[in-house]
Amino acid sequence: MKNHFRVRNWLLLLLTICYLPLMAQQADSAKVPASTHTAARQAADTVRPKPKPRPRVDSATRAAAIRRDTAHRAAVAAAAPADTAKKAVDSTVVAAPKPKPISYYDLYMQKIAGTNMFLKAGKPVYRDVNIVRPYKNMDWLIYVVAGVVLVISIIRLSYMKYFTDLFRAFLNPTLSQRQLKDQLSQSPFPNFLFNAFFIISLGMYLYLVLYRKQVFPQAEPWMLIPGLIALVGIVYGTKYVVLRFCGWLFGNAELADAYIFILYLINKILGVLLVPFVVILAFCSAEIAQTFLYISIFFIILLVIYRYIRSYSLVKQYLSFSKLHFFLYLCAFEVAPVLILTKVLLNIWLTGNP
């Protein structure tokens, strides 16, 4: 039995010894990939050419190489500007915009430049030089003209019967001498109002005529308008006093009273007639104002002639005189003062000295 146990142990030992090489072979087969990579790397290292050792260069050879390198760099630097300029030209050609088509406006302007004599080359240049005029605020004129229209409206509405009789006396000379003269003379306050309005209307009309004709352009309106109104009032006030004095002096007070009635009747009608012309001269354009200025002068001349005709027929009823004497009277008392006043105004306007 003991011999049998020994034989089995020896067989197991022999089997174990025989199995050990097989286990070692399996362990080596498990490590094959790592060894493969290592073998491949070693093979690549063997194939790659190994760097040759740098030969020793003496100083002369090194200096020659440096000179060749410097010459090459200088040649490259010299060729660089040309290349840069070429590149800039190429970029300009690429970036240049396309030419725009010529419009009809440009064609028309070229046609005008070729046909108009003032646009051709070599022609003289004409410059339009205008004097700069100072700006004047004329808003006040609206209120003044509106005030004139308002005054005549109030007078007419307040004294409608007097206004109607006034125009009846103007249009019917025979009736005015008999009936309407007494009726109008019995209303002193309306008579004064219409006379005052005539002075205001005529003074405003004279200012607008001077303004349109650029007479006294530097004069202040707040001084010129009251001055003209005062001048008209002084002239007709002086005339009234002189006529009254002459009628008392020569013993013909009735004749002087009749002549004063005709004179101031025409003046009242003229004051009312000038209102639309004042509005037109104040606000219309220069061409329209010029036309209506001549029309107003025409009406004023007609009224003056009508006044002289009625005055001559009136005076002839009281006195016997020749037409020459009446003409001399007109020249001495009617025409001469107007001519003298006109000459003084023109002298002041042209020379600045009275």
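As the structure is a computational prediction, the values presented were derived from the model and not from experiment.
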Counting the benzene-type ring for Trp, do Phe170 and Tyr306 have ring centres under 6.0 Å apart?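 Here the rings of Tyr306 and Phe170 have centres that are less than 6.0 Å from each other.
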
Hydrophobic cluster identity match, Leu150 and Tyr159, side-chain contacts under 4.5 Å: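 Result: no, two separate clusters.
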
Indicate if Tyr294 and Leu303 have the same hydrophobic cluster label, given that clusters are the connected sets of ILVMFWY residues with side-chain heavy-atom separations under 4.5 angstrom.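 Each belongs to a different hydrophobic cluster.
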
Ignoring hydrogens, what is the shortest heavy-atom contact between [X] and [Y]? Give both atom names and the distance.
{"X": "Pro226", "Y": "Pro221", "answer": "CD-O, 3.7 Å"}
{"X": "Leu274", "Y": "Ser201", "answer": "CB-OG, 3.4 Å"}
{"X": "Arg212", "Y": "Phe283", "answer": "NH2-N, 4.2 Å"}
{"X": "Ile280", "Y": "Ala289", "answer": "O-CB, 4.5 Å"}
{"X": "Val275", "Y": "Gly271", "answer": "CG2-O, 3.6 Å"}
{"X": "Leu228", "Y": "Leu206", "answer": "CD1-C, 3.9 Å"}

Nearest 0.5 Å, please: how far is [atom2] in [Y] from [atom1] in [X]?
{"X": "Ile300", "Y": "Ile295", "atom1": "CD1", "atom2": "CD1", "result": "12.0 Å"}
{"X": "Tyr205", "Y": "Ile229", "atom1": "OH", "atom2": "CD1", "result": "15.5 Å"}
{"X": "Phe189", "Y": "Ile155", "atom1": "CZ", "atom2": "CD1", "result": "8.5 Å"}
{"X": "Leu265", "Y": "Asn191", "atom1": "CG", "atom2": "CG", "result": "9.5 Å"}
{"X": "Cys284", "Y": "Gln290", "atom1": "SG", "atom2": "CD", "result": "13.0 Å"}
{"X": "Asn195", "Y": "Tyr240", "atom1": "CG", "atom2": "OH", "result": "9.5 Å"}

Would you indicate whether Trp248, at its atom CH2, is surrounded by more than 12 heavy atoms from other residues, nucleotides or ligands within a distance under 6.0 Å?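 Open: at most 12 neighbouring heavy atoms sit under 6.0 Å from CH2 of Trp248.
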
Around Met223, counting heavy atoms of other residues, nucleotides and ligands shown, do more than 12 lie under 6.0 Å from its CE?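 Counting other residues, nucleotides and ligands, CE of Met223 stays at 12 neighbours or fewer.
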
Side-chain heavy-atom pair [X], [Y] within 4.5 angstrom cut-off:
{"X": "Val304", "Y": "Ile266", "value": "no"}
{"X": "Tyr105", "Y": "Gln110", "value": "no"}
{"X": "Ile225", "Y": "Trp140", "value": "yes"}

Run the side-chain contact (heavy atoms from CB on, under 4.5 Å) test on Tyr236 and Tyr264 for me, step by step, so that the C-alpha distance in whole Å, both residues' side-chain angles and the decisive distance to 0.1 Å come before the verdict. CA-CA 9 Å; Tyr236 281 94; Tyr264 283 91; 4.0 Å; yes

Does the pair Asn267 and Leu202 meet the rule for a side-chain contact (heavy atoms from CB on, under 4.5 Å), with working shown? CA-CA 9 Å; Asn267 290 344; Leu202 184 58; over 6 Å; no

Stepwise ring pair (Phe, Tyr, Trp, His ring centres under 6.0 Å) check, Phe167 with Phe163: CA-CA 7 Å; Phe167 277 88; Phe163 190 83; 5.0 Å; yes

Quick one, Tyr211 with Met138, criterion side-chain contact (heavy atoms from CB on, under 4.5 Å). Give me CA distance, side-chain angles, the key distance, then yes/no. CA-CA 11 Å; Tyr211 170 73; Met138 299 296 291; 3.9 Å; yes

What do the steps show when you test Asp165 against Lys161 for side-chain contact (heavy atoms from CB on, under 4.5 Å), and what is the final call? CA-CA 6 Å; Asp165 293 340; Lys161 185 176 183 305; 3.1 Å; yes

